[in-house]
Amino acid sequence: MAGLPQLTAGICARLANSENEDSEELFNSQPTLQLLSFKKVPPTGGGNNVDRYRVIVSDGEHFLQSMLATQLNHLVEEDAISKGAVAVIEKFTCNIVQGKRLLIILALRVLVKTAEKIGSPGSLQGRPEGGASTPAAVTPGPSTSTNATPAPPPVAAAQPARQQTQANRNARAPAVYPIESLSPYQNNWTIKARAMNKSDIRTWVNQRGEGKLFSVTLMDESGEIRATAFNAAVDLFYDKIQEGKVYLVSKAKVNLAKKKFSNVNNEYELTFERNTEVEECLDVTDVPTVKFNFVQISALQDVAKDATCDIIGVVKEVGELSTITSKATSKVIPKRELTVVDRSGYSVRVTLWGKQAEQFEATDQPVIAFKGAKVGDFQGRSLSMMSSSSMHVNPDIPEAHALRGWFDAAGAEQTFQAHTSTFTGGGGITFDRAEVRNLNEVKTAEFGMSDKPEYFCAQATIMHIKNDNISYPACPTQGCGKKVVELGDSWRCEKCDKSYPKPQHRYMVSMAVSDYSGQAWLSGFNDVGQTIFGMSADELVDIRERDDTQYNQVIERAIGNTYNFACRAKQDSYNETTRVRYAINRIIPLNYREEAKYLANILTHSDWAR
DNA sequence: CCCCCCCC
């Protein structure tokens with residue numbers, strides 16, 4: 001145990017009584033603490049889906065309950081810290097939640113990943129910080145008249161000194177809380193946050209009545225929260241709140257967020273009310289601007305349909321303003337398509353809607369960053385802006401400058417690859433481990449029994465190939481591939497209205513594949529035959545005509561090989577019987593290095609491997 | 001209190 005860092009003795013007691021403290025010194029002190037235990041707190045019902053970690057911290061004398069800010073979750077999940085870790089708490093705040101004093105760790109630096117417990121820390125007097133005892137016995141619980149209970153010693157005193165100093169430069173010097181600390185349990189707070197993704201004003205009519213609303217995402221160093229204004233509050237705040245500006249916000253209502261309707265990372269959301277105060281703040285230091293998590297346009301094929309993503313690229317083309325009529329509402333909606341390219345050599349179409357489509361000005365091929373665009377599968381991959389998406393023209397970030405340089409020097413002359421759909425127009429284009437089903441499950445779950453095709457992936461071995469009718473004579477015209485019929489000494493394609501001296505044979509393969517759970521018949525077209533036989537259908541037809549034994553050998557060689565499949569299941573009626581057929585969208589030979597890596601990863605992360 | 005995000 002030699003060389004363990006010294007803990008900051010006494011800090012837990014000071015934090016527990018921080019209302020009596022010179023907070024500036026205390027909150028700048030960057031104490032070293034031991035993290036005794038981690039407990040995952042599951043998402044609350046109706047809240048978001050983000051787990052949080054409750055951590056018991058110790059200074060060697062006392063322990064104190066704390067929460068990790070969610071942006072630190074990865075430290076636990078990636079095993080960078082575990083039971084007994086020693087860390088410098090670089091940034092934190094304190095809050096009163098359900099009558100308990102809670103340390104909120106916003107940033108930390110790991111000194112020791114794991115260690116034995118240092119000293120024998122005890123509970124702080126009367127305060128059940130240990131978490132094991134009953135809070136109600138000592139401090140008033142949340143159920144005892146929440147409003148009548150005076151707000152516990154002002155958390156104002158417990159704010160990071162730096163933020164407090166900034167706040168003091170404002171006329172009314174409110175205490176500034178991190179967004180991370182907001183909760184329904186206490187309401188005397190002010191946050192200082194940047195307004196992002198302000199929506200248009202939207203109206204609704206339903207059984208309960210009608211109204212209008214807009215929403216905006218507020219963001220500070222600690223996190224983000226979605227805020228919504230209804231009806232009268234729309235008139236009060238819509239013009240006042242401007243995208244990108246920083247505001248002091250107080251007296252808004254904190255509610256549980258219904259996470260399925262938003263991708264904002266917070267358990268709660270705000271509702272602006274009549275008495276809510278929103279004041280622009282000119283001191284914007286330490287209030288972050290948008291955070292992007294860019295993916296390359298080429299990588300969009302690996303992003304699931306309906307997911308949101310961030311893209312940055314050069315606008316190669318700007319489409320005309322047009323309109324569509326919504327099928328659902330019959331509303332006419334303005335629309336504009338942008339074609340965006342990046343250094344991956346791919347292009348993608350981004351659809352703007354409504355005002356954003358109307359107001360888009362076609363300046364000279366700007367760099368644009370898109371945040372939270374929705375991924376669609378039209379023509380392979382497409383992007384669509386939503387009300388929660390945002391668009392940033394020529395942002396002052398390194399990626400944008402790099403793209404500008406690249407495009408002006410070379411990119412402008414380049415041709416770009418568009419994403420393309422592989423005949424399905426649906427999902428299942430790529431093999432995705434998350435979509436792997438065993439064949440028994442595919443059958444019992446009745447994949448493909450609905451009207452729409454359903455997609456699944458499988459890893460399976462070829463057991464048998466129907467070899468009587470493995471290919472057909474097809475039109476040799478690029479992109480046609482229709483069946484041709486022999487007429488005299490030529491082959492005629494109805495579709496192309498042309499005759500050819502020779503057809504081009506194309507595969508149409510039916511094969512039984514098997515995994516540990518069961519067997520299924522899959523059908524595949526030309527690329528599938530090419531993959532499993534390692535030759536074109538023309539070559540194989542040629543072999544069959546010359547040497548039946550050699551032909552059978554080629555078929556035999558394809559048996560017993562294992563592939564990763566991306567499949568489509570679809571109902572099909574033939575001769576008055578309806579059954580589900582499975583078509584192969586993609587067939588990929590196993591890459592054993594990759595398979596081994598995948599398995600090793602499972603081993604490393606499973607409990608029974610420890 | 002919304003929770004739609006559209007079309008080809």
Side-chain angles (χ1 to χ4, degrees), chain A residues 45-49 184 196-217 225-238 241 252-276 304-309 317 319-339 347-360 370-391 418-421 423-426:
Chain A
N48 67 14
N49 294 318
M196 311 294 317
N197 297 356
K198 187 176 103 165
S199 73
D200 290 342
I201 295 172
R202 194 161 60 81
T203 57
W204 82 88
V205 183
N206 61 24
Q207 312 90 297
R208 303 188 208 193
E210 55 180 88
K212 59 180 175 179
L213 72 120
F214 81 97
S215 55
V216 65
T217 301
I225 193 165
R226 193 79 178 151
T228 306
F230 294 97
N231 303 321
V234 173
D235 302 329
L236 285 171
F237 300 114
Y238 187 77
I241 295 175
K253 203 172 159 205
V254 184
N255 300 310
L256 267 183
K258 288 174 201 115
K259 187 64 190 178
K260 69 167 175 167
F261 298 126
S262 145
N263 55 354
V264 171
N265 182 21
N266 200 309
E267 201 172 333
Y268 303 112
E269 59 188 22
L270 297 179
T271 305
F272 287 158
E273 304 191 296
R274 252 174 231 282
N275 64 335
T276 295
K305 174 173 148 59
D306 295 334
T308 56
C309 72
E317 283 163 43
E320 293 294 312
L321 182 65
S322 65
T323 61
I324 60 114
T325 307
S326 164
K327 278 177 181 163
T329 62
S330 306
K331 270 191 193 168
V332 175
I333 299 147
K335 165 191 122 157
R336 191 192 296 271
E337 307 279 5
L338 308 181
T339 304
S347 67
V348 70
R349 226 176 68 170
V350 182
T351 309
L352 312 184
W353 303 98
K355 276 201 189 106
Q356 196 169 47
E358 290 172 343
Q359 291 167 0
F360 186 84
F370 299 89
K371 184 175 170 57
K374 187 173 139 180
V375 176
D377 59 5
F378 183 67
Q379 288 173 359
R381 276 294 179 266
S382 59
L383 293 173
S384 175
M385 296 296 277
M386 304 198 290
S387 65
S388 58
S389 314
S390 59
M391 198 175 80
H419 289 277
T420 50
S421 42
F423 77 79
T424 62

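Convention: sequence-line order gives letters A, B, ...; per-chain numbering from 1. Quick caveat, the model's predicted, so the values are computed rather than measured.
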Round to the nearest Å and state the distance from A/L213 atom CG to B/dC3 atom P. 8 Å
Enter the distance from A/S215:OG to A/K198:NZ here, rounded to the nearest 0.5 Å. 11.0 Å
If I take atom CD in residue A/E210 and atom C1' in nucleotide B/dC2, what distance separates them, rounded to the nearest angstrom? 14 Å
Could you tell me how far apart A/K331 (NZ) and B/dC4 (P) are, to the nearest whole angstrom? 13 Å
If the cut-off is 4.0 Å, is A/W204 near the phosphate of B/dC2, judged by side-chain N/O to OP1 or OP2? yes
Assess whether one donor atom and one acceptor atom, taken from the side chain of A/T325 and the base of B/dC7, lie less than 3.5 Å apart. no
Measure NZ/A/K253 against P/B/dC2 and give the value in whole Å, please. 13 Å
Given B/dC6, is OP1 or OP2 found less than 4.0 Å from the side-chain N or O atoms of A/S384? yes
As a test of reading the structure: which of B/dC6, B/dC8, B/dC2 is closest to the side chain of A/R208, going by heavy atoms? B/dC2
A/R226/A/E269 ion pair, N-O < 4.0 Å: no
Indicate the atoms forming the closest heavy-atom contact of A/D200 with A/Y238, along with that distance. CA-OH, 3.7 Å
dist A/Q359:CD -> A/L321:CG (nearest 0.5 Å) comes out at 10.5 Å
Atom NZ of A/K258 and atom C1' of B/dC2 are separated, to the nearest Å, by 8 Å
Rounded distance (Å) that lies between atom P of B/dC4 and atom CD of A/Q356: 21 Å
Is A/N206 near enough to B/dC1 that one of its side-chain N or O atoms lies under 4.0 angstrom from OP1 or OP2? no
Under the 3.5 Å rule, do the base of B/dC8 and the side chain of A/R349 count as making a donor-acceptor pair? yes
Taking atom P of B/dC8 as reference, at what distance in whole Å does atom CH2 of A/W353 sit? 10 Å
Presence of A/K335 side-chain N/O under 4.0 Å of B/dC8 phosphate oxygens OP1/OP2: no
Among B/dC3, B/dC6, B/dC5, which nucleotide sits nearest the side chain of A/I333? B/dC6
Answer with base, sugar-phosphate or nothing: what part of the nucleic acid does A/E269 contact at a heavy-atom distance below 4.0 Å? base
Which of B/dC4, B/dC7, B/dC1 is nearest the side chain of A/N231? It is B/dC1
Nearest-angstrom distance from the residue atom CE of A/M386 to C1' of B/dC3: 11 Å
Quick check for you: to the nearest 0.5 Å, what is the distance between A/M391 atom CE and A/F370 atom CZ? 6.0 Å
